[in-house]
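The basis for the numbers below is simple: all heavy atoms, side chains too, and nothing from hydrogens, waters or symmetry mates. In what follows, chains carry the letters A, B, and so on, assigned in the order in which the sequence lines appear, proteins first and then strands, with residues in each chain numbered from 1.
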Number of protein chains: 4
Amino acid sequence: MDLLDRSYPSRRAELKRSILRAALDCFNTQGIEATTIEMIRLACDTSVGAIYHHFTNKEGLVAALFFAAMEDQSALRLEYLEAAQTARDGVNALVFSYIDWVANQPDWARYQFSARAVVANGPHKEELRERNRVRNQQLQQYFAQLGVGEGMAGLPPELVPSLIIGSSESYCRAWLSGRVQQNPTAYRELLADAAWRSLGAG
Amino acid sequence: MDLLDRSYPSRRAELKRSILRAALDCFNTQGIEATTIEMIRLACDTSVGAIYHHFTNKEGLVAALFFAAMEDQSALRLEYLEAAQTARDGVNALVFSYIDWVANQPDWARYQFSARAVVANGPHKEELRERNRVRNQQLQQYFAQLGVGEGMAGLPPELVPSLIIGSSESYCRAWLSGRVQQNPTAYRELLADAAWRSLGAG
Amino acid sequence: MDLLDRSYPSRRAELKRSILRAALDCFNTQGIEATTIEMIRLACDTSVGAIYHHFTNKEGLVAALFFAAMEDQSALRLEYLEAAQTARDGVNALVFSYIDWVANQPDWARYQFSARAVVANGPHKEELRERNRVRNQQLQQYFAQLGVGEGMAGLPPELVPSLIIGSSESYCRAWLSGRVQQNPTAYRELLADAAWRSLGAG
Amino acid sequence: MDLLDRSYPSRRAELKRSILRAALDCFNTQGIEATTIEMIRLACDTSVGAIYHHFTNKEGLVAALFFAAMEDQSALRLEYLEAAQTARDGVNALVFSYIDWVANQPDWARYQFSARAVVANGPHKEELRERNRVRNQQLQQYFAQLGVGEGMAGLPPELVPSLIIGSSESYCRAWLSGRVQQNPTAYRELLADAAWRSLGAG
DNA sequence: GATGAATGAGCATTCATTCAT
DNA sequence: CATGAATGAATGCTCATTCAT
């Protein structure tokens, strides 16, 4: 099922969905700043007014799209994490959910990379901060439950996320921008193993 | 010595330097798109005409700044790599040079992150591609010399750069955007060790 | 009793009244042009459609408000004039009714000043002209009855209204915009005396 | 000599003058809010950019025009006042300078009436307040010199300006909007006499 | 009658770029 | 070489008004 159908499932939200889809396409193709409201309007055949009615702003549209991606990614992560029993399972869940989400929603992933800076400096920066705070808290709880951090004594907590996800993110970026060819899912296991080793928890 | 004094060392280039410095400040503070030529003019007290005389247009200024950063970073990497004897030395050289450069030139590093997408889609995309090609070739040569890749048989070559530098890059991004506090140089060794372990070459 | 209750006394007109009151507030606070239908809707908690149902369009609302003020002011003037016996009484009636109305309905007076130009150039300009014509005729009749104009021989008729009401209007404007402090009713007698003297009819 | 030539006499300010003249015409013909920058641009055959270069804003243009009128009117008033010896002379100077200015610059006078409210609520409200303060102070000085206020003991000072100028202003407004036909200069003496009588200083 | 989503013409404003001086 | 006034296409956004439900 499509990401947007998950986020806006009702019938009445059809227009909203079609605006978002058109915006995603335009933003990814032309770049966020280079995309004009008129381009989006053309792409989904509505009126300028309708776009503003539903999203207030160009920045509101950018943010709505970004938060939709964030939530979808979060949902997959939680799903994977719920099945995890051990610390190693947890690391796998993070790496796999990250890679699978990017590989399945490359457009949304691409958008997420380019929109983050925009949202983080725009009028929705507070909402972003808050969502990040909540997400980090949830992750900490999960990892506390799993006893992660014990095996990797000595590693500063603020370093751990980079060790777990850094390589995957780096490869996914390279893939999305065409610098490497192979689909990241082909390296799921390698990247999860490498992340685990990098934690020195072997 | 300052990055710009290295790149534009002559006396006559003083104006060029002061424009670049002002532009860097503005771009980092306001964002590249949000910065107007007028803002830069104000910040370095020249005329619009002078800016256009030296850099042709805004994208020329963005690119000049980006390539200056790239070259400075390259120079440090080469310096570190020249002292490397073993594969492990090479990994350390990459990680250390990356971290040290970011930590010493945080403004340039910040700019590099935000400008890459702009340059990669602007009129200087070819020059960027070419520079990347040259850099990758150099790196490959160095690593071939050091016999890197032998100990890590089985790892796809296109994955290796992400394994080496991914975590460091991830942490540096987090540091530049204030999400973590500790200066990345504090974790130089930890990150290099983790990178080495992640390669499975222990 | 409230101006609007006088103009729209029935129970069924409650909504109409609440729209007018909200519009008056908004127009005075933000200015007529700066006030949007949406602001008015918010202020009286109806729907856009309801406003258009009752007043056809924004200019209809502006005019309805203006004519309501005009009628209320007219009613008071007639009331005062009906008690007048002499020319001097007539001048007093005009000055006092003007001042008392402004002092008792400052919001409506303020609105009247700012709306006149709008109505006089909008689609209701004819209605305004007609109402003015009728009012002037009535005044002329009253003054003819009282024999006004005899004592002040030599004064051009078109100058007389300005001599009678000019100073009061000037002071009331100053009071409404905060340039003077004292309530105009404090100067009722002084202004009426001055008007009388200015007619040279002493 | 034209009002604008007095305010912007240099050769280089030619464009500025032509913009102001075009704006005055448009504002008076269509109304300030109804006038678009494009209309003004057409009327003086420049570019939008030039208008913004010289006046920053539509509101800047409105204010520049308003202050130019104010200064021109002030200059005439000072000129007339300088020749005054007695209180009666002073009253005449105020009434005559007011009437003469309106009659000689009807477009500027009309504009002044409609622009005052806009400027008083716009971003230049402070400048307007300050200019008013200075003007009032000057007037007070002049009248103190002339011993005005002595003969009219008992009249509250804040009422005096309305008594002096109220009737003239009222008649001028009526003339500018076509409600009366006779040019106000025809009634200069009558209005000055009436003002003097209204002060009760006879 | 009431509602409010949808419409789209219209506007102020910006800003990279040029070029006469 | 330097200057900065002038250009004008392009854009985000507003808001009165309509009309299907």
Side-chain angles (χ1 to χ4, degrees), chain A residues 12-16 19 32-42 44-62, chain B residues 12 15-16 19 32-42 45-62, chain C residues 12 15-16 19 30 32-42 45-62 122, chain D residues 12-16 19 32-42 44-62:
Chain A
R12 294 194 58 210
E14 202 120 334
L15 173 60
K16 216 164 170 170
I19 295 174
I32 292 177
E33 315 256 2
T35 296
T36 71
I37 296 293
E38 174 64 11
M39 289 174 192
I40 297 171
R41 188 195 66 73
L42 263 169
C44 62
D45 198 51
T46 357
S47 60
V48 203
I51 299 177
Y52 280 89
H53 181 71
H54 286 295
F55 300 99
T56 309
N57 247 341
K58 187 178 172 186
E59 294 193 289
L61 188 44
V62 169
Chain B
R12 295 194 57 211
L15 173 61
K16 217 163 169 172
I19 295 173
I32 292 176
E33 314 257 2
T35 296
T36 70
I37 298 293
E38 171 66 12
M39 288 173 193
I40 297 171
R41 188 195 66 73
L42 260 170
D45 199 51
T46 351
S47 61
V48 199
I51 298 176
Y52 277 86
H53 178 71
H54 285 296
F55 300 98
T56 310
N57 53 32
K58 189 180 172 184
E59 295 194 286
L61 189 44
V62 169
Chain C
R12 293 194 58 211
L15 174 60
K16 218 164 169 171
I19 294 173
Q30 331 272 334
I32 292 176
E33 314 257 2
T35 297
T36 70
I37 298 293
E38 171 65 12
M39 289 173 191
I40 298 171
R41 188 196 65 73
L42 258 170
D45 200 51
T46 351
S47 62
V48 199
I51 298 176
Y52 277 87
H53 178 71
H54 285 295
F55 300 98
T56 309
N57 52 32
K58 189 180 172 183
E59 296 195 285
L61 188 43
V62 169
Chain D
R12 293 196 58 212
E14 202 119 334
L15 172 60
K16 216 164 171 171
I19 295 173
I32 292 177
E33 314 256 1
T35 296
T36 69
I37 297 294
E38 172 64 12
M39 290 172 190
I40 298 170
R41 187 195 67 73
L42 263 169
C44 62
D45 198 52
T46 357
S47 61
V48 205
I51 299 177
Y52 279 89
H53 182 71
H54 286 295
F55 300 99
T56 309
N57 247 342
K58 187 179 171 183
E59 294 193 288
L61 189 44
V62 168

Chemist: Nearest whole angstrom, please: distance from the P of E:dA16 to the CD1 of B:I37.
Modeler: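 It works out to 5 Å between those atoms.
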Chemist: For F:dA6, does either OP1 or OP2 sit under 4.0 Å from a side-chain N or O belonging to D:H54?
Modeler: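 Checking F:dA6 against D:H54, a side-chain N or O does come within under 4.0 Å of OP1 or OP2.
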Chemist: Can you check whether B:I32's main-chain N or O pairs, donor with acceptor, with B:K58's side chain at less than 3.5 Å?
Modeler: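 Yes; judged by distance alone, with no hydrogens or angles, the pair exists.
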Chemist: Please compare B:D45 and D:A50 by the position of their nearest nucleotide in DNA chain F and report the one closer to 5'.
Modeler: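 Mapping each residue to its closest nucleotide by heavy atoms, the 5'-most match is B:D45.
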Chemist: Ignoring backbone atoms, establish whether A:N57 has a side-chain N or O less than 4.0 Å from OP1 or OP2 of F:dG12.
Modeler: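 The answer is no; no side-chain N or O of A:N57 sits under 4.0 Å from OP1 or OP2.
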Chemist: Under 4.0 Å from OP1 or OP2 of E:dT7: is there any side-chain N or O of A:S47 that close?
Modeler: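 So the side-chain polar atoms of A:S47 do come within 4.0 Å of the phosphate oxygens OP1 or OP2 of E:dT7, strictly under.
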Chemist: Looking for any heavy atom pair under 4.0 Å, which part of the strands does C:T35 touch: base, sugar-phosphate only, or nothing?
Modeler: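 Touches sugar-phosphate only.
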Chemist: Under a 3.5 Å limit for both distances, which nucleotide forms a Watson-Crick or G-U wobble pair with F:dG8, could you say?
Modeler: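 For F:dG8, the partner nucleotide comes out as E:dC15, under the 3.5 Å rule.
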Chemist: What is the distance, to the nearest angstrom, from the CD atom on D:E38 to the P atom on F:dT7?
Modeler: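 That distance rounds to 13 Å.
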Chemist: Select from C:Y52 and D:H53 the residue whose nearest nucleotide in DNA chain F is closer to the 5' end of that strand.
Modeler: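 This one resolves to D:H53.
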Chemist: Could you work out which one of E:dT14, F:dA16, E:dA2 sits closest to the side chain of C:L15?
Modeler: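 Nearest nucleotide to the side chain: E:dA2.
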Chemist: Could you check which of E:dA12, F:dT18, F:dA16 has an atom nearest any side-chain atom of C:V48?
Modeler: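 Among E:dA12, F:dT18, F:dA16, the one nearest the side chain of C:V48 is F:dT18.
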Chemist: Does the structure show a Watson-Crick or G-U wobble partner for E:dT21, both distances under 3.5 Å? Name it, or say none.
Modeler: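 Check on E:dT21: paired to F:dA2, both distances under 3.5 Å.
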Chemist: Pick the nucleotide of DNA chain E nearest each of C:R41 and B:M39; which residue has the one closer to the 5' end?
Modeler: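 In this pair, the answer is C:R41.
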Chemist: Side-chain contact test, heavy atoms from C-beta onward, threshold under 4.5 Å: evaluate it for C:K16 versus C:I19 and give yes or no.
Modeler: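 Counting from C-beta outward, C:K16 and C:I19 never come under 4.5 Å.
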Chemist: What nucleotide among E:dT17, E:dT13, F:dT17 has an atom nearest to a side-chain atom of D:K58?
Modeler: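 Closest nucleotide among those given: E:dT13.
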Chemist: With C:I51 as reference, evaluate C:N57, C:L15, C:I40 under the side-chain contact (heavy atoms from CB on, under 4.5 Å) test and give the passing residue.
Modeler: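 Filter result, single survivor: C:I40.
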